[in-house]
Amino acid sequence: MLVTGPNGSGKSTLLRMLKPQISPAGELKGSITFGETDIRSMSMEEQVSRIGFISQDPINQIVTDTVEEEMAFGLESLRMSHDSISVRIAETSAFLGIEELLHKRCLELSGGELQLVNLASVMVMRPELLILDEPVTQLDPLSSERFMAALERINRELGTTVIMAEHNLSGLLRAADRLLVLEDGSLKGYGEVREVVTSLYRDDASLFAALPAYVRCCLRLSKGGICPKDVREAARYLSGIELRTAVVDNKPAADTHVSVRGSHLYMRYTRDSEDILKDLSFEFPAGRTIAVFGINGSGKSTLLRTISGILKPYYGRLDVRVDTSSLLPQDNSTLFSKETVRDELNASGSSDRTVTDAAELFDLNDVLSRHPFDISSGERQRVALAKIWLRNSDMILMDEPTRSLDNTFRKKLTGLIRERKTGKTVIIASHDMEFMADNADICYFLHDGKLIGPYDPDAFFGENRYFTTGLSIASSRAGCRLIREDDLVIPDETL
């Protein structure tokens, strides 16, 4: 079952209430039963062994040094014998295909590998229910596909019930039997996936925008008659109709001014570690949005931190030709040090009027008096974005800016980027393909420590098979490559 809804709708609260050890504090009315048992009457050992939970940040769930130790940790807590633990680890690692990781240190793994290890350390307990809170939000497309394939096997072959919350449903609908939609803490829709999705379209609900672009296009072209659950079904439908392409030109005028240049950069974290950036050279022009792609662990965050000045390359020349720059890190918690959201915004050094405007712009008025760590992850990301925006820097670097954001604000952020980037440089590293397709002026791919590019966005997304949008893949069957929803002309309707 997929659980979705806007930021602050209650997704994480609902999921955590299904795991009593991590339930939020507060007043609970009603009941939650696991089978025929009140979930609050279950013993600690029952909860640990029968209900598994995986969060969105892979590193936060790791508690030991090596993968094998991580998988053994929960079983040792249940006082299982050494032989039984060894058998379970061998069986689970073989099922998930991670045998080669068993003796590696957890901190040496990529984000995708870490999330698979988290999955293995939960599944080795043989839970009946597996709960996941935005587990693929930080994974590249290939790592996300591998993780979802593992989840589908767990559900179909082992009979484990899977409940997962996500904002970006691209690639996830195909695996779901049920879709639950929350809005303002209430049930907006629940049932079989196609029925709920079609009802969102017919009701003209704002949550319809949370669906993948290829689903939205097929529903609008068929007036609600076709609801694909995956790219294959969308491709089958689109190949049977004639598509018309809109002429969309959001590209800014060329700017000959270079805002940042790197020449033969080398960067590593310790003297004995491998180079993350290797002989890397680039020129980023002002007034453009630069999109940087790459698999987990390829060095995207390292590149942004190097450009921002947080990290220093040990060789090469970095020439930053802007007066001010701001970095939105992947871990937004590093930006917070105040007691309330209002204090965080005021700490950016702006006037009260500007802070008031930022609170309105980033939909933060309802949380201004709350602590940044007492609000939802999506609301916390909006606070981080607002802090960066208030600085009004010449260069803005953003690492996974749409992490935990609902689709409504993802669209709003696209508009904010287009307004702000006049004469400024925006550099984004993200795995959110639809968001990047809407915003990128220039694309680069980071591989083996080097930047490959530059690419025109339409050429980049049109030629790729993995780092691209689902709509691009589905529409290619119709002989009309569409990258984004705005590229498509729907009869009698303007998107």
Side-chain angles (χ1 to χ4, degrees), residues 1-15 30 133-134 137 163-238 241 243 246 363 365-366 376 378-379 382 402 404-415 432 434-435 438 469-471 474-475 482 484-495:
M1 181 174 76
L2 278 176
V3 180
T4 194
N7 293 139
S9 60
K11 299 183 298 300
S12 294
T13 300
L14 173 63
L15 264 57
D133 192 2
E134 300 189 44
T137 189
I163 301 177
M164 179 168 64
E166 270 292 350
H167 285 295
N168 189 349
L169 302 183
S170 184
L172 307 184
L173 291 177
R174 69 158 192 267
D177 302 302
R178 294 285 186 272
L179 179 62
L180 188 151
V181 183
L182 287 175
E183 191 170 31
D184 295 327
S186 299
L187 204 62
K188 179 71 174 179
Y190 172 69
E192 193 274 330
V193 173
R194 296 183 206 273
E195 293 176 358
V196 176
V197 169
T198 303
S199 70
L200 293 177
Y201 163 75
R202 289 174 177 162
D203 295 343
D204 197 25
S206 60
L207 291 169
F208 177 71
L211 300 171
Y214 63 83
V215 176
R216 297 195 302 266
C217 287
C218 287
L219 280 166
R220 303 182 85 161
L221 284 166
S222 66
K223 300 190 182 300
I226 300 296
C227 178
K229 287 183 67 175
D230 57 26
V231 170
R232 180 184 61 176
E233 292 183 3
R236 187 180 302 131
Y237 170 67
L238 294 176
I241 62 177
L243 300 179
D363 300 333
N365 284 325
D366 292 339
S376 75
E379 290 166 334
R382 296 207 303 269
T402 62
S404 299
L405 294 182
D406 59 42
N407 198 72
T408 299
F409 197 83
R410 284 164 64 208
K411 291 291 186 184
K412 188 172 186 177
L413 182 58
T414 292
D432 188 337
E434 289 188 10
F435 176 80
D438 284 339
T469 63
L471 181 59
S475 63
L482 304 171
R484 54 195 73 79
E485 188 176 7
D486 288 347
D487 295 341
L488 178 64
V489 173
I490 295 180
D492 303 321
E493 187 172 9
T494 303
L495 295 182

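Sequential numbering from 1 along the given sequence is applied to the chain's residues.
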Check the pair R220 / E485 against side chain to side chain contact (heavy atoms under 4.5 Å, CB included), numbers first and verdict last. CA-CA 11 Å; R220 303 182 85 161; E485 188 176 7; 3.6 Å; yes

What one should report as the nearest heavy-atom pair of A234 and P228 is N-CB, 3.6 Å

Roughly how far, to the nearest 0.5 Å, is CZ of R236 from SG of C218? 11.0 Å

Is it true that R410 and D438 have a side-chain N and a carboxylate O under 4.0 angstrom from each other? no

What are the two closest heavy atoms between A165 and L15, and how far apart are they? CB-CD2, 3.7 Å

Do T402 and D432 meet the criterion of a side-chain donor-acceptor pair at a distance under 3.5 Å? yes

What are the two closest non-hydrogen atoms of V3 and I163, and how far apart are they? CG2-CG2, 3.9 Å

Please enumerate all residues that pass ring-ring contact (aromatic ring centres under 6.0 Å, His included) together with Y237, with sequence neighbours excluded. none

Give, for atom CD of E183 and atom NZ of K11, the distance between the pair rounded to the nearest 0.5 Å. 11.0 Å

Is there a donor-acceptor contact under 3.5 Å from the side chain of E166 to the main chain of L172? no

What's the spacing between L482 CG and Y214 OH if we round to 0.5 Å? 15.0 Å

Atom of L405, atom of G378 and distance for their closest heavy-atom approach: CD2-O, 3.7 Å

Contacts satisfying side-chain hydrogen bond (donor to acceptor under 3.5 Å, both in side chains) that involve residues 186-196 (not counting sequence neighbours) are R194-E233

Indicate the atoms forming the closest heavy-atom contact of L180 with L182, along with that distance. CD2-CG, 3.6 Å

Between SG of C227 and CG of L200, what distance do you get to the nearest 0.5 Å? 9.5 Å

Name all residues meeting the side chain to side chain contact (heavy atoms under 4.5 Å, CB included) criterion together with V193; count only those two or more places apart in sequence or in a different chain, and write none if there are none. L173, A176, L179, V197, K229

What distance separates E434 CD from N168 CG, expressed to the nearest 0.5 Å? 6.5 Å

Holding to side chain to side chain contact (heavy atoms under 4.5 Å, CB included), I want the full list of residues that pass it with D406, two or more places apart in sequence or in another chain. P6, N7, H167, T408, F409

Going by side chain to side chain contact (heavy atoms under 4.5 Å, CB included), name the residues that satisfy it together with S12, two or more places apart in sequence or in a different chain. D133

Only counting residues at least two apart or in another chain, list the ones meeting salt bridge (Lys or Arg N to Asp or Glu O under 4.0 Å) with D230. none

Do other residues, nucleotides or ligands put more than 12 heavy atoms under 6.0 Å from D366 CG? no

From L211 CG over to C217 SG, what is the distance, rounded to the nearest 0.5 angstrom? 11.5 Å

Does the pair K223 and Y201 meet the rule for a side chain to side chain contact (heavy atoms under 4.5 Å, CB included), with working shown? CA-CA 9 Å; K223 300 190 182 300; Y201 163 75; 4.1 Å; yes

Please test L221 against L488 for side chain to side chain contact (heavy atoms under 4.5 Å, CB included), starting from the C-alpha separation and ending with a verdict. CA-CA 10 Å; L221 284 166; L488 178 64; 3.9 Å; yes

